[in-house]
Protein chains: 2
Amino acid sequence: MDRIDKRLLNLLQKDASRTNADLADEVGLSPSSCLRRIRRLKSAGIIDRTVAILNPAKAGRGLRAIVTVELERHGEQHMRRFLDLAAQEPAVTQAYGVSGQTDAFLILRLADMDEFDALCDRLLRDQANVARFYTMFVIKTAKEATSIPL
Amino acid sequence: MDRIDKRLLNLLQKDASRTNADLADEVGLSPSSCLRRIRRLKSAGIIDRTVAILNPAKAGRGLRAIVTVELERHGEQHMRRFLDLAAQEPAVTQAYGVSGQTDAFLILRLADMDEFDALCDRLLRDQANVARFYTMFVIKTAKEATSIPL
DNA sequence: TTGATCGTGCAATTTTATTGCACGATCATG
DNA sequence: CATGATCGTGCAATAAAATTGCACGATCAA
């Protein structure tokens, strides 16, 4: 992975819809060389996939919430069982098991408060193993990147 | 936005590298109709952009951390000043101002602990306005979606 | 110096996206 | 009811882009 590969990755992380010829021109390569490099990055798994990113508000999911969860019992299988349940919820976009102040960590994308309430009932209140959970609603989004710095 | 649009959006959120003819076939449309719908979704801003998603481990950023931050002074401009600083850090991939247990909320993608230490010095310890911060390191990633449920 | 390996650029080919055009459905209006 | 307008659609032709084969030049080890 040389400097040109990194530049290509940065460009593709910003906008993957550009044409190969366009990218090649920007990094100073011929189209075929550029294409071969990108294909190599894909087959090596460095580029995992390319996806469309939607505007949350226009897709009807403008409400974001962050939830920290403390479990009653802390065993490996209890943790996994909770995280698996959480991952199945479409509104849960990120679900982590963490070390530190709490056990698990969820990021939610919701249409409205009713959906939040329903999700809480289903995932957090009816779950016998959840000891406590704290919800923080996102007021201001300063940064929300899908890209990884290189 | 009818049922076909939603199906297209779901397909594109999973994989935006598919050919138009392929998508058209899957949703039962002609290539031209399909292309026109997708173009409409883009120009309406529902599709914000299409990006390449990298494999964090293979891109050298396997360490994930979540940081909650309590500020000393809580005014609007203090909050914004802190979030702007945080957003400028490449390792900060998400930065939110939130209501509830804490003031701000960061998600970090790091190469190693040295980078974490340096970031803390720069953003959290040297910042006179940060009262307290709690770090949680991600042990298990159960879900990490870029897609929004429709 | 020589031979091998690797990445590169050019040009031809194949695949894909795009556009013009006419048809059919839906809906408000005469 | 008929009528005309609007909208989305499919087909076929065209334009654009990706992909491939091939030969060149740089780099490095023997």
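Proteins come first, then strands; the chains are lettered A, B, ... in the order of their sequence lines, and each starts at number 1. Note that this is a predicted model, so its numbers are computed, not measured.
The only member of B/Q94, B/E144, B/K143 that meets side-chain hydrogen bond (donor to acceptor under 3.5 Å, both in side chains) when paired with A/Q94 is B/Q94.
For the salt bridge (Lys or Arg N to Asp or Glu O under 4.0 Å) condition, the pairs that include at least one residue of residues 83-106 of chain B, sequence neighbours left out, are B/E89-B/R122.
Here C/dC6 presents its C1' atom at 11 Å from CZ of A/R37, a figure rounded to the nearest Å. The interatomic distance linking A/L8 (CG) with C/dG7 (P) rounds to 14 Å, in whole Å. Atom CD1 of B/I38 and atom C1' of D/dG8 are 15 Å apart (whole Å). Here C/dT18 presents its C1' atom at 17 Å from CZ of B/R40, a figure rounded to the nearest Å. Atom C1' of nucleotide C/dC6 and atom CE of A/M1 are separated by 19 Å, given to the nearest angstrom. One atom, CZ of B/R3, and another, P of D/dG8, lie 19 Å apart when rounded to the nearest Å.
Contact annotation: A/S33 does not reach the phosphate of C/dG7 (side-chain N/O to OP1 or OP2, under 4.0 Å).
Salt bridge annotation for B/R49-A/D15: absent, with no cationic side-chain nitrogen under 4.0 angstrom from a carboxylate oxygen. Contact check on A/D25 versus A/R18 returns no salt bridge, with no Lys/Arg side-chain nitrogen under 4.0 Å from an Asp/Glu carboxylate oxygen.
B/R125 pairs by the salt bridge (Lys or Arg N to Asp or Glu O under 4.0 Å) definition with B/D117, B/D121, not counting sequence neighbours.
Using a 30° and 60° split on the angle between ring planes, A/F105 and A/Y96 fall in the tilted class, from 30° to 60°.
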Base-contact (B) and sugar-phosphate-only (S) positions in nucleotides 16-28 of chain D, heavy-atom cut-off under 4.0 Å, - elsewhere:
-SSBB--------
